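Comments concern the structure below.
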Amino acid sequence: MTTAWPYPHIVAHRGGGSLAPENTLAAIDVGARHGHKMIEFDVKLAQDGQIFLLHDDTLDRTSDGWGVAGELPWDKLVQLDAGNWYNSAYKGERLPLLLEVAERCRQHGMMANIEIKPTIGTDDETGRVVALAARLLWQGQTEPLLSSFSVEALEAAQRTVPDLPRGLLLDEWDDNWQALTERLGCVSLHINHKELTAERVATLKAAGLRILVYTVNQPARARLLLNWGVDCICTDRIDLIGPDFPNE
Ligand code: G3P
Ligand code: MG
């Protein structure tokens, strides 16, 4: 298990937060233009195993396609528009492959939190394939931090590339956090910030975990969480909570 924590205290959610169409190369460019040093994004598998970025199970909300994304092969997914739903200025923006995102991160000198979001029924395969790809694609860069709400996907990642850092995602507090993170060899807990109190932060830190919180869009709240000892703020307001947001 990797114990080093090279990651900055502010992370741009879905690449460019709310300032660009989520999980696109354009979003990563917007994050970089705001000076961000690390992005979070969501990945899943196409029907033919290609790894690409998308948050939802279905294509409907963030593209001009419809239906379950993971049931389509990449040659169909690549034809979709993933920018126009957000703003016509982004018309023509495609769903990106993880391969392209790794290259864009390299160009911008940005670190990555790869959230594994498997299509239903593909947790093990997605965890395995994403971990292998992450190891290969990020060679020579700071290791990406893998995370997932799926315990099965994290187990597969752990089995496949044990030394890539992993974080367990929780949308609600789970009293079983310690057993779970220990079993999965996690370096971090990634949790909905609304679930945290100063006491919970202290308990997690005492157990040796790093803490990433999402999605924090108010500077005063970010300030409080950092004061409690949270390590990373994942934000949609990449303009208000920028890379120079004070960390003390
Ligand atoms: O990884 C933090 C956050 O992205 C988890 O929630 O739904 O925005 O992917 P979601
Ligand atoms: Mg996410």
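Throughout, residue positions are numbered sequentially from 1 according to the sequence presented. Keep in mind the model is a prediction, meaning the values are calculated, not measured. Whatever order the structure lists ligands and atoms in, that order sets their numbers, starting from 1.
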Does a side chain donor of either Asp175 or Trp177 reach within less than 3.5 Å of an acceptor in the other side chain?
-> no

Between Asn113 and Tyr214, a side-chain donor and acceptor under 3.5 Å = no

side-chain contact (heavy atoms from CB on, under 4.5 Å) with Glu93: of Thr24, Leu80, Asn84, only one passes, and it is Thr24

Between Leu95, Asp81, Leu54, Asn23, which is the residue that forms a side-chain contact (heavy atoms from CB on, under 4.5 Å) with Thr62?
-> Leu54

Please state which protein non-hydrogen atom is closest to atom 10 (P) of ligand 1 and give its distance, to 0.1 Å?
-> His55 NE2, 3.3 Å

Under a 4.0 Å N-O cut-off, is there an ion pair linking Asp29 with Arg104?
-> yes

Can you tell me which residue pairs pass the side-chain hydrogen bond (donor to acceptor under 3.5 Å, both in side chains) test with a partner in residues 228-242, sequence neighbours excluded?
-> His13-Asp236, Lys205-Asp231, Arg210-Asp231, Asn217-Thr235, Arg237-Asp239

Should Arg14 be counted as touching ligand 1, given the test is an N or O pair under 3.5 Å?
-> yes

Give the residue, atom name and distance (to 0.1 Å) of the protein heavy atom nearest atom 5 (C) of ligand 1.
-> Glu115 OE1, 3.4 Å

Test salt bridge (Lys or Arg N to Asp or Glu O under 4.0 Å) applied to Glu195 - qualifying residues, sequence neighbours left out | none

Under 2.8 Å from the Mg ion (ligand 2) - protein N/O/S, by chain and number | Glu40 OE2, Asp42 OD1, Glu115 OE1

Below 3.5 angstrom, do we get any N/O pair linking Asp42 and ligand 1?
-> yes

Kindly confirm or rule out an N or O of Tyr214 lying under 3.5 angstrom from an N or O of ligand 1.
-> no

Atoms of ligand 1 under 4.0 Å from any heavy atom of Lys117, numbered from 1 in the order shown, are 7 (O), 9 (O), 10 (P)

Decide, yes or no, whether a salt bridge links Glu22 with Arg61 under the criterion of side-chain N to carboxylate O below 4.0 Å.
-> yes

Other cluster members, Leu19 - Ile/Leu/Val/Met/Phe/Trp/Tyr, side-chain contacts below 4.5 Å | Val30, Trp85, Tyr86, Tyr90, Ile238

With a 4.0 Å cut-off on heavy atoms, does Glu40 reach ligand 1?
-> yes

Is it true that Asp124 and Arg159 make a salt bridge, defined as a side-chain N closer than 4.0 Å to a carboxylate O?
-> yes

Select one of side chain, backbone, both or neither to describe which atoms of His190 lie under 4.0 Å from any atom of ligand 1, heavy atoms only.
-> neither

